[in-house]
Amino acid sequence: ILTSSGSKKFVKDVYSPPECTLTFLQRKGKSRAMSNLDKVMHVTKTIFHESKWNIQKVSFDGGPSLMSQYLTVHNTMLFVSVSGTGSHMAMFLPDGAVSIEIHYNNTVPMVNKGICPIIPTMTCLTSTSGCPSTQGTPIKNCKYHKVTVDLTSFTIAMEDAKERISKNCDDARR
């Protein structure tokens, strides 16, 4: 692919069955990024500790083509995203995959609630998070701030997800 600046980008344009891939969609800036991503990744690596699991962090901010984004998601068995960061991409998950949407604000519509009823082959789970505080005062809307993932609800969602995708992952590896 030739970009507008004249540089070449190569995109994997063939579908391969999802192996045991977990994808975290992470924002690069402050808006809706996970402030405790290191702890979230530690929980993930503790639960998905076997070598068969491929854990990746990606950002779709201003970079990858739509085709590349689609293939990244479609080759994923577990997709984790914060509401408003591209959670809608879960509609491209393969059959048997799980989407965990980290819900950060009661006023934000949860994408998974709209996707799962129309895609019955996918499981949607939710984890919660809180807004940071500024000088001791909690921020009411996290839309323009980092979010702190609730590790208890996240651990429960990840354990549930592992149980649901382990068989599909093992079948894909054969």
**Fill in**
So CG of Asp95 and CE of Met77: to nearest 0.5 Å the spacing works out to 9.0 Å

**Test item: Asn36 side-chain N/O and Val149 main-chain N/O as donor-acceptor pair under 3.5 Å** = yes

**Request:** Could you pull out all residues at least two apart from Glu163 that satisfy side-chain contact (heavy atoms from CB on, under 4.5 Å)?
**Result:** none

**Message:** Taking side-chain contact (heavy atoms from CB on, under 4.5 Å) as the definition, give me every residue that meets it alongside Ala97, ordered by chain and number, with sequence neighbours left out.
**Reply:** Leu93, Pro94

**Request:** Drop me the distance from Met89's CE to Leu66's CG, to the nearest 0.5 angstrom.
**Result:** 6.0 Å

**Message:** What I'd like to find out is whether the side chain of Phe24 reaches to under 4.5 Å of the side chain of Ile55, using heavy atoms alone.
**Reply:** yes

**Message:** Taking the side chain as everything from C-beta on, heavy atoms only, tell me whether Met158 gets closer than 4.5 Å to Phe48.
**Reply:** yes

**Distance in Å, Ile100 CD1 paired with Thr44 OG1, rounded so as to fall on 0.5 Å steps** = 8.0 Å

**Message:** Contact between Trp53 and Leu78 at the side-chain level, heavy atoms closer than 4.5 Å - yes or no?
**Reply:** no

**Prompt:** How long is the span from the OG1 atom in Thr148 to the CG atom in Leu37, to the nearest 0.5 Å?
**Reply:** 11.5 Å

**Request:** Ignoring hydrogens and angles, state whether a donor on the side chain of Thr23 or Gln56 is under 3.5 Å from an acceptor on the partner side chain.
**Result:** yes

**Message:** In the structure I gave you, are the side-chain heavy atoms of Phe60 and Val73 within less than 4.5 Å of one another anywhere?
**Reply:** yes

**Message:** Holding to side-chain contact (heavy atoms from CB on, under 4.5 Å), I want the full list of residues that pass it with Ile156, two or more places apart in sequence or in another chain.
**Reply:** Thr152

**Complete:** So CD of Glu50 and NZ of Lys162: to nearest 0.5 Å the spacing works out to 3.5 Å

